[in-house]
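Convention: sequence-line order gives letters A, B, ...; per-chain numbering from 1. If you're wondering where the values come from, they're calculated on a predicted model, not measured in any experiment. The basis for the numbers below is simple: all heavy atoms, side chains too, and nothing from hydrogens, waters or symmetry mates.
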Protein chains: 2
Amino acid sequence: MKTNKKTTIQDVANYCKVAKSTVSLVINGNARVSKATRDRIFNAIELLDYKPNLNARSLKNNRNRTLGVISEDLANQYESSIIKGIADRAKFHNYELIICECEWSQEKVANYIEVLLQRKCEGIIITTPLDIGPVLEEKLQMLKNNNIPYVTILNGNVKTDYNAFVSDDEQGLSLALDHLYQLGHTRMALIAGYRDARATIVKEKIFIQYMKGLGTFDPNLIHYTDFQPEGGAMATRKCLAMPMAPTAFIAAGDMIAIGILHAVKSQGLKVPEQISIIGFGGIDLLRYTDPPLSSVNVPRRIIGEMAVENLFKQIRKTEEKIATYTVVPTSLLLRGSTAMIGTI
Amino acid sequence: MKTNKKTTIQDVANYCKVAKSTVSLVINGNARVSKATRDRIFNAIELLDYKPNLNARSLKNNRNRTLGVISEDLANQYESSIIKGIADRAKFHNYELIICECEWSQEKVANYIEVLLQRKCEGIIITTPLDIGPVLEEKLQMLKNNNIPYVTILNGNVKTDYNAFVSDDEQGLSLALDHLYQLGHTRMALIAGYRDARATIVKEKIFIQYMKGLGTFDPNLIHYTDFQPEGGAMATRKCLAMPMAPTAFIAAGDMIAIGILHAVKSQGLKVPEQISIIGFGGIDLLRYTDPPLSSVNVPRRIIGEMAVENLFKQIRKTEEKIATYTVVPTSLLLRGSTAMIGTI
DNA sequence: TTGAAAGCGCTAACAA
DNA sequence: TTGTTAGCGCTTTCAA
């Protein structure tokens, strides 16, 4: 029972007794229309409450001021900081965002890329801790071949051929390891995430390398989880039950670190006096645990902003190819969960 | 330098030597096409990698399988749970989401409503802790008058004429107050949010009423904040410095509660032994404070889901008017931040 | 300075 | 069972 048909450009034209092309010129700020008619038209637009149909416009222009975003999980702090950065810049440019959630599935990512393309998004941002497998790779290649503006936001500086902003997880993990080592720790555990996630793989690599360098590598000190606190807690309990329990824990994600903290405390151990913990990501809520958790800070919001700006560069100059591979350094966010070994 | 023009329905038709309308019929699953040609067409679609242009389609249909979402803050836990629920159901129905962030501004909300309308979203969900002022009211009235599917997600059971899912903040706050009262508390503080937010107003009303009933109402025990921990902490310090400090705190939001907890602890006071605290919202991270914070749980995700389903009801039957006003009850999420007064 | 006309890619009535 | 045709609402030549 939709009542009032939306007024169209034709209605405005009729009302003003001009051609709709004239109205179009006025709307689009073209100067070559006399002030008189322009005023008349603006007036009618106001009066008839005319709003251009953006679908029609974009059918014509093949542009629709829309960016597509594919993210792991909208309720995840790490991701939502990135999205916040994206939203900020999109707003600034007066673009809208179509946001999709891909839930740890390459297939869903691939699928959404198609959907966003069909919807004629002008660019696509893909942010995922997943590793890039063949399904996704094929799509990315397609985007690249067709010069479709896109950016990926990935973990870990593994050179890929795709436009990417990558947080330097290698450097981040080294930072964390160095820090712990300087505090006297030599037996550290890595509580990672999904085994096949890029956010796990990269950290694992550095961790193994570092521990081997130290000569204290023990494969039993690497555990895989679902990136959630519960999983982190479980892995921690296992570690603590070992005959030679670790004195420090590094988490592949902040939620894991929260789980570690809980498990350690519930065993009656003191953080950081007896056990040191470092998270990864730097989400805000770590401020509010007790003690506040130290973490490797990934400038998530800024990454989101950079991704959008890069996308716009690609959108604007379709002539030359703007390949991007930017490694974003991380930093140590020291709060209160690490200390010299055996402080107690 | 966009190279390969996307293949259109015409290309497929040409390739198969049929009319594009036939292709259209096949795409849309219309039965009245011979199996032979249908197969031929499917084949060509595959071969030419044809993907329908959704903009064109929606120009024709005036429907585009898109829902608009206007939310306060994408990085806010409370909101992102709601959005998660929305995203889930949208996915289920194979709809995409255009998500806008309105940042405590009625004007922005009003503005985005227009944008989403121009983009021909089939429905709009507005979720905001703001109170509905004249600017927004006018737009909502417009949506209503024009039978445009929309739902608001609001705080507090204040009867409005608009489609709404409201968390029963009155009942929630009463729950919290009763609980504290039963524990022997009579001197409680309300740390609210922005003074003019609906999420503040409703709670304030109940709080005042309740405390007056108790005969212990003290206006100095109501403070306003920006809904963030820092603000909560500041207000708490002020309360604790009073000659007759409160023994219990109620927060208008969970982030505030976190700030309260910090301030109380940093004054050397024990929670819950000396001071009880209750948050509002029930966000997950409260599990991980020390002690875990009790809170009034608002079923945010479910509210998001219900909002989408309701929207679809409106979208499907445009004939009859589906007015909705659903009050969603809250519950007490008791963790470890409240105790009998003077336990110590 | 303005208008006429074509067309973006699709759907849907109607005809064949 | 298939093709023809006329738009959806807009932009953009080209002509007047």
Participant: Figure out the CG/P separation between A:Asn64 and D:dG9, and round it to whole Å.
Facilitator: 18 Å

Participant: With B:Arg301, which residues qualify under side-chain hydrogen bond (donor to acceptor under 3.5 Å, both in side chains), at least two apart?
Facilitator: B:Asp88

Participant: Could you tell me the separation between the NZ atom of B:Lys51 and the P atom of C:dC10, rounded to a whole number of Å?
Facilitator: 12 Å

Participant: Taking only residues two or more places apart in sequence or in another chain, which ones pass ring pair (Phe, Tyr, Trp, His ring centres under 6.0 Å) with A:Phe312?
Facilitator: A:His93, A:Tyr95

Participant: Verify the distance criterion only: is there a donor paired with an acceptor across the side chains of A:Tyr162 and A:Glu137 at less than 3.5 Å?
Facilitator: yes

Participant: Using whole Å, what does the distance between atom P of nucleotide C:dC10 and atom CZ of B:Arg63 come to?
Facilitator: 17 Å

Participant: Looking for any heavy atom pair under 4.0 Å, which part of the strands does B:Lys120 touch: base, sugar-phosphate only, or nothing?
Facilitator: nothing

Participant: Treat primed atoms plus P, OP1 and OP2 as sugar-phosphate and everything else as base, then score nucleotides 11-16 of chain C 5' to 3': B for base contact with protein heavy atoms under 4.0 Å, S for sugar-phosphate contact only, - for none.
Facilitator: BB-B--

Participant: Should A:Thr37 be listed as having a side-chain N or O under 4.0 Å from OP1 or OP2 of C:dT2?
Facilitator: yes

Participant: So, using side-chain hydrogen bond (donor to acceptor under 3.5 Å, both in side chains) as the criterion, who are the partners of A:Thr152 when residues are at least two apart?
Facilitator: none

Participant: Quick one: B:Leu59 CG to D:dT11 C1', roughly how many Å, whole number?
Facilitator: 13 Å

Participant: D:dT11 C1' sits how many Å from A:Gln10 CD, rounded?
Facilitator: 14 Å

Participant: Can you tell me if B:Ser34 touches the phosphate of D:dT2, counting only side-chain N or O atoms and a distance under 4.0 Å to OP1 or OP2?
Facilitator: yes

Participant: Between C:dT2, D:dG3, C:dG9, spot the one nearest the side chain of B:Val18, thanks.
Facilitator: D:dG3

Participant: Please name all residues satisfying side-chain hydrogen bond (donor to acceptor under 3.5 Å, both in side chains) with B:Lys139, sequence neighbours left out, ordered by chain then number.
Facilitator: B:Glu114

Participant: Whole angstrom is fine here: how far is it from CG in A:Leu54 over to C1' in D:dC8?
Facilitator: 15 Å

Participant: Measure the distance from CG on A:Asn55 to P on C:dG9 and round it to the nearest whole Å.
Facilitator: 15 Å

Participant: If you compare all heavy atoms of B:Glu79 against all heavy atoms of B:Thr127, which two are closest, and at what distance to 0.1 Å?
Facilitator: OE1-OG1, 3.1 Å

Participant: Atom CG of A:Asn62 to atom C1' of D:dT12: distance rounded to whole Å?
Facilitator: 15 Å

Participant: Under the side-chain hydrogen bond (donor to acceptor under 3.5 Å, both in side chains) test, which residues partner B:Asn111, sequence neighbours left out?
Facilitator: none

